[in-house]
Amino acid sequence: MSQAFRSSQGGRIDRSRPLRFRFDGREYTGYVGDTLASALLANGVRVTGRSFKYHRPRGLMAAGFEEANTLVQLESGARTQPNLRATQIELYDGLEARAVNCWPNARHDVFGFFQLLKPFWPAGFYYKTFMAPSWHLYEPAIRHGAGLGVSPKLADPDVYDKCHAQADVIVVGAGPSGLAAAIAAARDGASVVLVDDKPALGGSLQYEPGLVEGLPAADWLKAREDEIRSLPNIRVLGCTTAFGYYDHNHLLANELLPAGGTSPRQRLWKIRGRQIVLATGALERPLVFPNNDRPGVMLAGAALQYLHRHGVLPGRRVAIATNNDSAYAVAFELRKAGVEVVQIADSRGGQPAPLAQAQVLGIPVTMTCAPTDTRGRSGLQRVELHDVNGQGQAQPGTGRWLDADVLLVSGGWNPTVHLFSQSGGALRFDDQQQAFVPHRLAQAGHLVGAAAGQAERDIAVEAARVAGRDAAANRIVRELAPVASTAQAALWSVNVEAIGRGPSKSWVDFASDSTESDLRLSARENFVSVEHFKRYTTTGMMTDQGKTSNVNAIGILSGVLGKAPGEVGTTRFRPPFNPVTFGAIAGRNVGAYYRPLRQLAAQEAHDAAGAKMEDYGAWMRPAFYPQAGEQESATIHREVLAVRSGVGILDYSPLGKILVQGPDAAEFLTRVYVNNVRTLKVGACRYGLMLGEDGIVKDDGVLTRWSENSYLVGTTSGQADRIVEWMEEWLQCEWVDLDVTVESVTTQWAVVMLAGPKAREVLSRLDSGIDLAAAAFPHMSAREGRIGDVPVRVARVSFTGELGYEISVPWQYGLSLWNALLEAGKPLGIIPFGIESLMVMRTEKGFLHVGSDTDGLTLPQDVGFGAIIDKKPEDFIGRRTTMTPDGRRTDRRQLVGLAPVDGASLLPVGGHVVDAAFKAASGHTQGWVTSSFMSPTLGRPVALALVERGRERLGEQVQVFDGGKLLPAKIVSMTAYDPEGERLRM
Amino acid sequence: MLKIDCPFCGPRDEAEFRCGGESHIQRPGPHDAVSDAQWADYLYMRQNPLGWHFERWLHAAGCRQWFNLARHTVTHEVRVVYAMTAPKPQVEATEVRS
Amino acid sequence: MRYSALSLALNALSGHRRWKQQWRNPAPKPSYDVIIIGGGGHGLATAYYLAKNHGVTNVAVLEKGWIGGGNTGRNTTVVRSNYFFPESVAFYEKSLQLWEGLSEELNYNVMLSQRGQVVLAHDRHQVEMSHRLRNGMALNGIEAEWLSPEDLRRREPLLRQDGRFPVLGGLVQERAGSARHDAVAWGYARGADERGVHIIQGCEVNGFIMNGNRVSGVRTSRGDIGAAKVCLSVAGHTSQLAAMAGLRLPITSYALQAFVSEPIKPALNMMVLSPSAGIYISQTDKGEVLIGGGLDLYPSYAQRGNFLTVEAVTAGMLDLFPSFSRLRLMRQWAGICDVVKDSSPILGPSPVDGLYLNCGFGTGGFKATPAGGFTMAHTLATGKRHPLIEPFGLERFSSGALIDEAGASGIAH
């Protein structure tokens, strides 16, 4: 079978360029310019999918976004993509696709027998059963039965881009009205972005016959294309689907780029418009009647698109069922293309305008007539028609069958209001048009063409020009006036009760497989609010989000409830209008660019030394430096002992550094720190704690006073950015009278921590001009000097418990300093050491580590700052919160040391402290171990823990509960190593 | 995504800003002159209006200045942008869409 | 009419024409013993337990829109009790136990699916915090298991373990899972209605009728209705209603977004939460991959989300599940969350006599639906706080006795 349904001429395809493709394992050919859908239709493939729930055979029913039946798994391997609509896939050579949710293929699906279960599976049936003995018994099978296509198993090999743009006017939709609006706006000098999902301009002009402003559509379009080319201030984005209309006129759109090469696969556009003109057209409604889902039943407008876009005939013998004039034009065009149109069944009475032309062409038309059933094995063969009355009720005794291989249906048109609704716009039900039309605007913009309910093309084009000029002038419209239109007669469904049948196979939502009987059941059970019946019947919840079903459902429900459709209401449309690939949403924010890590100035040296790098709060830092074959614990053991007995260096650059300056710097820091700041002398350092206003320990670090009005605040690396921002907030929002500036200098200074009893000797070998003698440069002081031409700052502070210096140089000298210290220390056996070794040493010494030894409940008095606060007269951030009844509780958890009773067992971090009598599996926690290591220095475990009333319980035996096991431990002092602090004063 | 008119830099994308929450909250003090209830009121109690909210924003990826604005918490319309130290302005009532 | 496979089969024979309304649409009476404002899961559950457990049936649930239309219908349906503090554990574990019997209790399938929730640990600190949490849970009688990277590879083969945030393991509560959100509201509504409760939709409360400091009724779009006791169960809109009674609360309302992919065949087994990437992800029974993240960044009553958040959350998801890059976003939505400082609820009486509060659940209210209703029903019926909610009173904000789960366990709720 080779493209048996291809017309002999016409269509915007290139018949000289055939393309091969495979669908459901069979090979076919199509042409450049085809979609997968049009190529399948050309090849006479009728069953193109299976329905979601009942696995009913389905065929193509639409030609665009709204296709609900033909979803495919495109390609295989890493580039496979599930659930794409065949109508939205441009055909390319070698394309391979399979229908989703069926096996082995759409034509022969082993799950086809599910159709027989339909009587037992009405809307919401799962709420009423599958309860005994437990949902868990049924769920796995249901999960496997649900879902459509399959996820790729491999990482996406493609890349995606993002692009930002702004324009005076964004126009969505390049049909006649969109083109007119865009050109009018641009002529008035506005910058315009014109977005359309198709590669070519023109929208409906690509396939709808007739004249525009007196010109044949193609000529009119050609003139507009020329005009656009002459206007440099119009930017056209083709193959770009606008999917989201967000606050402040922010439009999101997704551009599909040609496959192949190194170009990105898709580009996500984020466009801000001063005004947004929606020219999004209209969507045709299907007719609801029994077995309206048989392959071969198709929207009339879709057939016209296939004919004129792709040169594809929908079938050989076409019947048409409609309730409006638009389907007549389709009949005439098909007739012109040589297709036999066997019948137009019009549900209306009277004499519609196109009737005369139908008679001229010899197309039989029957009024007050509608389809009531279809037959055919794997596609439509026969259609049953009945006379209907004004309420759409089939009349007994009027039935007759008609041979046809295609039934084209049109139930009227809905303006495509999805983006409008997303923008916050309100709809109203228009009785004249029998459709929901845009009413009140919430954002600055306009609606034109069919999206505004305009049916007459020339009137719409002229109105669009006015709207374009208004948009360029930024005129604000708040409410849309009703447009003049001919009266439409709704036919929400063909009622077959009078002929003794039911609506159980009258499909309303093809994608989610819900029928009129489901809607009636939901109403019977009081699911009458739009949102209720939508959820109960799942109508509108599938991948097309109800594009062809929502309004019909509301119409049917309005009949059942005896309310006007406008009183039943619409659901609010949510983004996206069309599904968007997640890769495009993430853009380049993946892989190495996802939360990029900061690099140290001396990274090269760390790499050369074989450092094990780990992520510590946005920085990659050396955790330790293993030698060949060395285990982590052995490395840390070696590094700790080397520092304790000799000297080592650690890259300390990520530590936060904030310069606080100004006449009121001391006053400001007094309000920021728990500690007393005023007494700090120039050239001296002090360890301090900061709280949030909620009293919780926020951060700690060393404060250095470099001059009368200049302080350097040290913070933890993870909090550095946040603390600067926080200080700014206090200064700008609360204490506006203080004359202080704060500035982050974290990455201006590279810092090396030099620690160990031989630290002074190493430092003295670098000629910094600083007197390093203990008396001249005591612990907790800081000095400035120079090494050659490079300014250097040295603070004598310690986080290891050993004699220590933190040496700072401008960032670009970080690597030089590192190497110089290693070189200078070589004779003394200097080693580089990492964060994990530092953590062992500070735990041995009992130094607090904010974030490990504190948590979101820790007040300063819990970690030993009560006395310092008591001595401080001034208020400071968070002080009042430390004084609440809860803050004054005597049984608060306090930070203490913990030692295993057996002297050997490591107490696990995260183990909970329970009292010595604890035996059962559950009970009251008294706190938890916060830091714990095997101490290389002391040859026994050391640990810190937050324990209820810990400080008054020194010496008491407790137990540590971990994973059901209990370890006896004793509450001890926090400081296990050098409690007198002699080593700091060397 | 909102467009916010920074008083120092002009209109910029929301991504450059950070919202600091309700503005015009007076910090009581000093610590020893404040009751638990007063302190809790300052720390936790909020107007949280459905409608115009007077809040502070930081142009974090720009001039790093804080300023106030009036934003509608349903429509997200931004009506008045004003200095940190300026008093709360009047904002006319607006129809709310939900 | 009792629901079962048999009743379904019998009704199939009559074309499903005999099913009754799942709840009725009564006109409001002049007064009730108890009025519950808010027809979400919590409000309906409160009404149900008032009638079922306490015999208080002269009750009305007033709903501005349609029942289950607020956060009940706008969440990520996670049900779990893996909390840290004993107070939280006791409350949420009660809730989980009620969930476990709920389908049977209500004769309505709420599809509780206990597929397990795993909280990933991406660095040394998170591993330590996981152990602290696990031991804390164990002391409270709740099981949680540590999964090694190898275990995780077996259970979630599509989870990448060597991305920006390496996976060092994860803590799983196997009893955690999800439930069908709509069914919870409808099931409670049906149960409450059967027992005589009035569910009144399309009834907006505009004010309170006060008698001194005592509330004696509500003013609504359908007229004044008297009540001896009124319970607020309106999540993100609590501040608005409380203000009508002259109350200021420690609540700020934020939009929390979630979004789903198009449905695919099973690709994810558990609920996976990554504190570093700031996302949680699961797959619904229908096949949609369901993704949630953090709150939007400014106070909001708009039930729509901000795309910036979607971008950030998507990037986090793709770092952990790079193969989901070619799936497509199908729908996004947002709920309005009543966020308080310590992410724990406010349950019990308010400073206004006769007015009771069920709020402050922030992003975590869905899982608490049964326990919120159960304990508030007790409190409303007896006039005494249920013991489980003693610690969750409004007074904790001035006493300082917050129950800050996020602060203690490092896991956002």
Side-chain angles (χ1 to χ4, degrees), chain A residues 81-83 119-120 122 125 127-131 135 139 142-143 146-156 246 252 502 521 524-526 529 531-532 535 543 574-576 579-583 585-586 589-590 594-595 855-857 884-887 909-912 922-923 925 928 961-962, chain C residues 3-5 8-9 12 15-16 19 21-23 66 69 103-104 108-109 111-113 123 128 131-132 135-136 138-141 158 164 182-183 262-267 285-287 307 310-311 314-315 318-319 322-333 399-401 404 406-408:
Chain A
Q81 190 164 17
N83 305 349
F120 306 98
F125 75 97
Y127 299 122
K128 295 173 176 153
T129 183
F130 300 143
M131 288 180 272
W135 170 243
E139 192 191 18
I142 286 168
R143 282 177 83 82
L148 294 169
V150 298
S151 169
K153 302 285 182 287
L154 302 166
D156 193 340
Y246 291 87
L252 274 282
L521 173 62
R524 202 170 294 136
E525 296 191 277
N526 203 16
S529 129
E531 293 289 346
H532 276 160
R535 286 153 183 268
T543 68
R574 311 253 167 224
V580 187
T581 306
F582 283 121
I585 295 171
N589 196 3
V590 293
Y594 173 65
R595 307 242 197 125
D855 55 45
L857 298 176
T884 58
D886 193 68
V909 175
H912 279 240
S922 61
T925 181
W928 36 83
F961 172 89
D962 180 55
Chain C
Y3 293 161
S4 68
L8 259 177
H16 298 288
W19 294 109
Q21 288 193 334
Q22 297 201 357
W23 60 87
W66 35 281
S103 291
E104 193 185 349
Y108 208 98
N109 190 356
M111 300 178 213
L112 176 69
S113 170
D123 59 31
E128 292 172 359
H131 289 305
R132 184 195 289 187
N135 285 320
L139 283 176
N140 287 305
L158 295 183
R164 167 66 178 80
D182 293 329
E262 297 178 299
I264 51 166
K265 294 292 174 192
D285 283 340
K286 188 174 167 188
F307 200 70
V310 176
E311 290 177 282
T314 300
L318 295 191
D319 196 60
S323 56
F324 289 172
S325 171
R326 295 174 92 88
L327 305 186
R328 300 195 298 174
L329 169 70
M330 182 169 82
R331 185 171 62 245
Q332 81 177 104
W333 66 87
S399 76
D404 194 342

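Naming: A, B, ... by sequence-line order, numbering from 1 per chain.
Panel note: side chain A/Asn83, backbone C/Ile264; no donor-acceptor pair is recorded below 3.5 Å. Between the side chain of C/His16 and the backbone N or O of A/Phe120, no donor-acceptor pair lies under 3.5 Å. In this structure, C/Asn135 contributes its side chain and A/Gly910 its backbone to a donor-acceptor pair below 3.5 Å. Of the possible donor and acceptor atoms, none in the side chain of C/Asn109 sits under 3.5 Å from a partner among the backbone N and O of A/Met131. Remark: side-chain polar atoms of C/Lys286 are not paired, donor with acceptor, to backbone N or O of A/Gly147 under 3.5 angstrom. Side chain of C/His131 to main chain of A/Gly911: no donor-acceptor pair is present (N/O by atom type, distance under 3.5 Å, no hydrogens or angles).
Comparing A/Gly502, A/Pro885, A/Gly887 by heavy-atom pairs within less than 4.5 Å of chain C, the highest count is held by A/Pro885. Comparing A/Gln81, A/Glu531, A/Glu525, A/Glu139 by heavy-atom pairs within less than 4.5 Å of chain C, the highest count is held by A/Glu525. The choice from A/Ile142, A/Val590, A/Val150, A/Leu252 that makes the most heavy-atom pairs within less than 4.5 Å of chain C is A/Leu252. Per-residue heavy-atom pair counts under 4.5 Å with chain C were compared for A/Lys153, A/Arg595, A/Arg574, and the maximum is reached by A/Arg595. Of the listed residues A/Pro119, A/Pro82, A/Ala155, A/Pro575, the one with more heavy-atom pairs under 4.5 angstrom with chain C than any other is A/Pro575. In terms of non-hydrogen atom pairs under 4.5 Å with chain A, the most contact-rich of C/Val310, C/Asn140, C/Leu8 is C/Leu8. The candidate with the highest count of non-hydrogen atom pairs below 4.5 Å against chain A, out of C/Ser103, C/Ala183, C/Gly15, C/Pro322, is C/Pro322. Contact tally against chain C (heavy-atom pairs below 4.5 Å) for A/Pro579, A/Ser529, A/Gly923: the top residue is A/Pro579. The greatest number of non-hydrogen atom pairs below 4.5 Å with chain A, out of C/Gly141, C/Gly287, C/Pro266, is found for C/Pro266.
Contact check for A/Arg143 versus C/Asp285: side-chain heavy atoms found under the 4.5 Å cut-off. For the pair C/Gln22/A/Tyr127, no side-chain contact is recorded, criterion being any heavy-atom separation below 4.5 Å from C-beta on.
In this structure, the portions of A/Phe125 lying under 4.5 Å from any heavy atom of chain C include both its backbone and its side chain. In this structure, chain A has a heavy atom under 4.5 Å from the side chain of C/Leu158, while its backbone stays farther away. Only the side chain of A/Leu521 comes within contact range of chain C, with at least one heavy atom under 4.5 Å from a heavy atom of that chain. Heavy-atom distances place the side chain of C/Ala267, and not its backbone, under 4.5 Å from chain A. The parts of A/Thr925 that come within reach of chain C are both its backbone and its side chain, each placing non-hydrogen atoms under 4.5 angstrom from that chain. Heavy atoms closer than 4.5 Å to chain A are found in the side chain of C/Asp182, but not in its backbone.
Nearest heavy atom pair, residue A/Ala586 against residue C/Leu318, reads CB-CD1, 3.6 Å. Smallest separation of non-hydrogen atoms from A/Ser922 and C/Ala138: CB-O, 3.8 Å. Taking each heavy atom of C/Arg164 and A/Tyr594 in turn, the nearest pair found is CD-O, 3.5 Å. Taking both residues in full, the closest heavy atoms of A/Leu148 and C/Lys265 are given as O-CE, 3.4 Å, listed atom of the first, atom of the second, then distance. Between C/Pro263 and A/Thr543, the shortest heavy-atom distance links the atoms CD-CG2, 3.8 Å.
Rounding to the nearest 0.5 Å places OG of C/Ser325 at 12.0 Å from CG of A/Leu154. Taking CZ of A/Phe582 as the reference point, atom CZ of C/Arg328 lies at 10.5 Å (rounded to 0.5 Å).
Around the CD atom of C/Glu104, the shell of radius 6.0 Å holds no more than 12 heavy atoms that belong to other residues, nucleotides or ligands.
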